[in-house]
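Chain A is the first sequence line, chain B the second, and so forth, proteins listed ahead of strands; every chain is numbered from 1.
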Number of protein chains: 2
Amino acid sequence: MEFSETVQQRHSIKSYQPDKEISDAELKELMQEVVLSPSSFNLQHWTFISVRDTEIKGKIKDAAWGQEQVGTCSVLLVICGKLNAHEDAADIYQGVDQGIQDKVLPLIKGFYDGKDQLQRDESIRSASLAAMTLMLAAQNRGWATVPMIGFDPEAVSQLVNLKSNFIPVMLMAIGFKKEEPRPRSYRRPIEEVVKINTLDGPGLMG
Amino acid sequence: MEFSETVQQRHSIKSYQPDKEISDAELKELMQEVVLSPSSFNLQHWTFISVRDTEIKGKIKDAAWGQEQVGTCSVLLVICGKLNAHEDAADIYQGVDQGIQDKVLPLIKGFYDGKDQLQRDESIRSASLAAMTLMLAAQNRGWATVPMIGFDPEAVSQLVNLKSNFIPVMLMAIGFKKEEPRPRSYRRPIEEVVKINTLDGPGLMG
């Protein structure tokens with residue numbers, strides 16, 4: 001599909017056809033596009049837990065304000081961020097020139113080590129970039145999605161066995177929509193969203 | 001351009017043609033796609049500061065490890081998140097049925113009020129979703145981008161007059177690439193990135 005059409009057609013969808021399936025092979029193809037998203041120092045802080053197990057899905061639904069789509073979507077993803085992803089840098093840069101490794105690896109260590117807030121920020125940032133690619137790439141395949149932040153992070157972490165170095169960044173339902181989306185919700189006008197040179201500068205008129 | 005082609009072609013580009021311009025009208029068209037990104041409760045925590053002023057750009061470059069692309073890109077965006085975006089909920093839901101407003105507005109207040117970490121997380125999450133749409137929508141127009149996190153957030157905040165209720169989430173250079181990108185950097189394999197049902201479950205094979 002044309003890129004602009006994909007962006008225009010994507011809506012958050014909460015009503016799914018529960019009998020429709022997305023195979024692991026299809027999910028894998030989707031993910032091959034998702035991982036092309038950028039991340040700081042290419043650390044790829046993201047990990048996706050694909051939940052199809054009905055029991056786990058049900059318990060996550062309970063921990064997510066009972067939202068219907070958690071149960072009815074074809075695949076529920078728990079999109080996670082790895083707080084200490086910077087510790088994987090040596091693995092990630094393995095194939096890179098030694099000269100670059102010698103420069104970048106200490107830089108990464110110095111940038112992240114001991115900085116808890118930055119590590120959390122980065123996990124959320126990278127996982128969110130990947131999540132947006134995922135929503136668009138799913139739309140391009142005719143699949144609907146909805147990102148969710150309304151859940152108990154500790155309960156969800158327990159249900160999918162997250163260790164303390166991972167956080168759940170958002171839930172994502174993927175599936176086949178049951179009905180057409182409602183008209184798009186209000187968007188703030190561009191002159192309010194884009195400011196020229198400083199936050200108190202004029203709005204972008206174009 | 002086809003969606004998949006757009007995703008495949010996007011690379012982070014650090015080398016730009018400094019004489020090439022992107023007009024405000026073109027930037028506005030781009031942003032009209034960007035704001036179609038989703039955000040929790042549709043709060044649209046994002047604000048974009050479009051920096052073309054050479055002096056401010058130069059100072060931001062100094063605060064961003066001297067990265068060349070800050071100076072040579074056509075438009076430098078400081079992508080910001082509004083920590084207290086939930087306080088705008090009444091404005092955003094103005095056009096919505098009163099019954100929905102009565103339900104959603106107190107929910108939003110209860111969800112965010114007094115929760116500093118959540119407010120920060122949400123600002124980063126929403127701004128990052130929009131940032132990914134921006135990179136792809138720019139690619140679709142033949143423009144290159146690079147997201148940057150290597151900068152002094154306090155210095156940049158001062159330079160673009162951010163108030164204390166805004167944080168800079170990332171810098172984004174947009175422009176015309178000077179040379180073809182290097183081969184894509186390493187991506188972790190899908191079986192490592194996607195786990196089945198729990199974090200310690202098997203990897204997705206497809």
Chain B contact via [X] - which portion, at a heavy-atom distance below 4.5 Å:
X: L162(A); answer: both
X: V146(A); answer: neither
X: Q117(A); answer: side chain
X: I60(A); answer: neither
X: Y93(A); answer: neither
X: L136(A); answer: both
X: E122(A); answer: side chain
X: M148(A); answer: neither

[X], part contacting chain A, at a heavy-atom distance under 4.5 Å:
X: E26(B); answer: neither
X: I92(B); answer: both
X: N140(B); answer: side chain
X: V169(B); answer: both
X: S39(B); answer: neither
X: M1(B); answer: backbone
X: S37(B); answer: both
X: T6(B); answer: side chain

NZ/NE/NH1/NH2 to OD/OE distance under 4.0 Å, R52(A) and D24(A):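 Result for this pair is yes, salt bridge flagged.
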Check: D200(A)/N161(B) side-chain N/O donor and acceptor closer than 3.5 Å: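 Yes, a side-chain donor-acceptor pair sits under 3.5 Å.
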Donor-acceptor side-chain pairing of Q44(A) and N42(A) below 3.5 angstrom: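 Result is yes, a qualifying pair exists.
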Expected output: side-chain N84(A) to main-chain E87(A) donor-acceptor under 3.5 Å: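 Not at all, since once roles are kept as given, no pair shorter than 3.5 Å links the two residues.
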Can you confirm whether [X] sits close enough to [Y] that some side-chain heavy atom of one is under 4.5 Å from a side-chain heavy atom of the other?
X: L43(B); Y: D88(B); result: no
X: M170(A); Y: S128(A); result: yes
X: F166(B); Y: V160(B); result: no

Approximate separation, where rounding is to 0.5 Å, of L204(B) CG and F48(A) CZ: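 Those atoms lie 11.5 Å apart.
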